[in-house]
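As structure tokens, the structure follows; a few thoughts come after it.
Starting from 1, each residue takes its place in the sequence as its number. Order of appearance sets the numbers: ligands from 1, and atoms from 1 within every ligand. Please read all numbers here as calculations on a predicted model, not as lab measurements.
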Amino acid sequence: MKVIVVTGGKGGTGKTVLAVNLAVALAKLTGGKVLLVDVDVDNPCTYTLLRPELKTVREVKSFRPLIDESKCSLCGLCVEHCMPHALVLIPGHKLLYLETLCEGCAACLHVCPKGAITRGESLVGWVKAWDGGWISLIVGELKPGDRRYHEVMEETLEYAAEAWSRGEYSYVIIDTPPGTGKGILFAIKAADIVVAVTEPTRLGLNDLVKLHGLLDKLGKREIVVLNKYGLPGGVDREIEAFALNKGLAVAKVRYDAVLLKAYVNGLPVVESYPKSPAAVDILKLAKLLAR
Ligand code: SF4
Ligand code: SF4
């Protein structure tokens, strides 16, 4: 079994479309069963291309402070330690809790000198799953308006790791959110290979440089995917030069309007237009990853 993490420093590079198409391509090419895991919990989109019947398999709960007003001396210590400002003191009057800002860190519980805060729980998201036979999908979904995405990501990855440890999958593909935050690190650590998706823009190059720095520190094998290759005015050559300089393999996925057409129709391009330039490039990448 191989764990492939599809990630990118920058949003909008086409990472999710690539992850779904790779999952479909790997299943078609190898005949092996593929598990696709979507931990872009704030904006999970993998299911738009697979149309699965997802079922909730876990509720994700997080710490929330329960405040006993009769014990609270309104000292303000918890407010000082609450980094996201989810606690607000109205001096001499009341302590307010703003749940939508809370990150569930429990710092308030530990610093309160009066024992006025106890442990409560609130729902922050869900883990959902679907088994489509040749491909399975596990999706983490953050409750709208909540900020505790790390917890949903970690719970989703934990559930997925339990599923892949049962040994029925040949490939696991993890689609992460953009950036290099805490939850992404958890996913990257599980990877046998990381697919670093970028696009031929200056911002794409900058974010690739940052992502490579992190992957290099973690000692992860990496393939750069230059998506939208040939985009007019793009900095393809600079990205290729960067990868060459770092000794990284580059797979190009040509800029192709058919990819968008397939996306709008809710279909993976490798199935709906397998001879299109983007599909041909993705199938080539899948062959490389299957080795
Ligand atoms: S759990 Fe953390 S973020 Fe939430 S109110 Fe307490 S200190 Fe603030
Ligand atoms: S630290 Fe405890 S006593 Fe002080 S304001 Fe917060 S809840 Fe009240």
Taking only heavy atoms of [X], which atoms of ligand 1 are found under 4.0 Å from at least one of them?
X: Phe63; answer: 1 (S)
X: Cys102; answer: 1 (S), 3 (S), 4 (Fe), 5 (S)
X: Cys82; answer: 3 (S), 5 (S), 7 (S), 8 (Fe)

If the threshold is 4.0 Å, N to carboxylate O, is there a salt bridge linking [X] and [Y]?
X: Lys94; Y: Glu69; answer: yes
X: Lys15; Y: Asp175; answer: yes
X: Lys33; Y: Glu168; answer: yes
X: Lys210; Y: Asp207; answer: yes

Shortest protein contact, [atom] (heavy atom only):
atom: atom 4 (Fe) of ligand 2; answer: Cys75 SG, 2.3 Å
atom: atom 2 (Fe) of ligand 2; answer: Cys112 SG, 2.4 Å
atom: atom 3 (S) of ligand 2; answer: Ser73 N, 3.4 Å
atom: atom 5 (S) of ligand 2; answer: Gly76 N, 3.3 Å
atom: atom 8 (Fe) of ligand 2; answer: Cys72 SG, 2.3 Å
atom: atom 1 (S) of ligand 1; answer: Ala106 N, 3.2 Å
atom: atom 6 (Fe) of ligand 2; answer: Cys78 SG, 2.3 Å

Inset, instruction - Could you confirm whether Cys105 has any N/O/S atom lying under 2.8 Å from atom 6 (Fe) of ligand 1? - result: no
Any idea which atoms of ligand 2 are less than 4.0 Å away from a heavy-atom of [X]?
X: Leu74; answer: 5 (S), 8 (Fe)
X: Leu95; answer: 6 (Fe), 7 (S)
X: Ile117; answer: 7 (S)
X: Pro113; answer: 1 (S)
X: Lys114; answer: 3 (S)

Inset, instruction - Answer yes if the side chains of Tyr169 and Ser136 hold a donor-acceptor pair under 3.5 Å, and no otherwise. - result: yes
Legend entry - Donor-acceptor side-chain pairing of Ser62 and Glu151 below 3.5 angstrom: yes
Inset, instruction - Look at the side chain of Thr56 and the backbone N and O of Arg58, then say whether any donor-acceptor pair between them is shorter than 3.5 Å. - result: no
Legend entry - Asp38 side chain to Cys45 backbone, donor-acceptor under 3.5 Å: yes
Inset, instruction - Can you see which heavy atom on Leu101 is nearest to which on His85, and at what distance? - result: CD1-O, 3.4 Å
Legend entry - Nearest atoms (heavy-atom pairs only) where Leu289 meets Ile4: CB-CD1, 4.2 Å
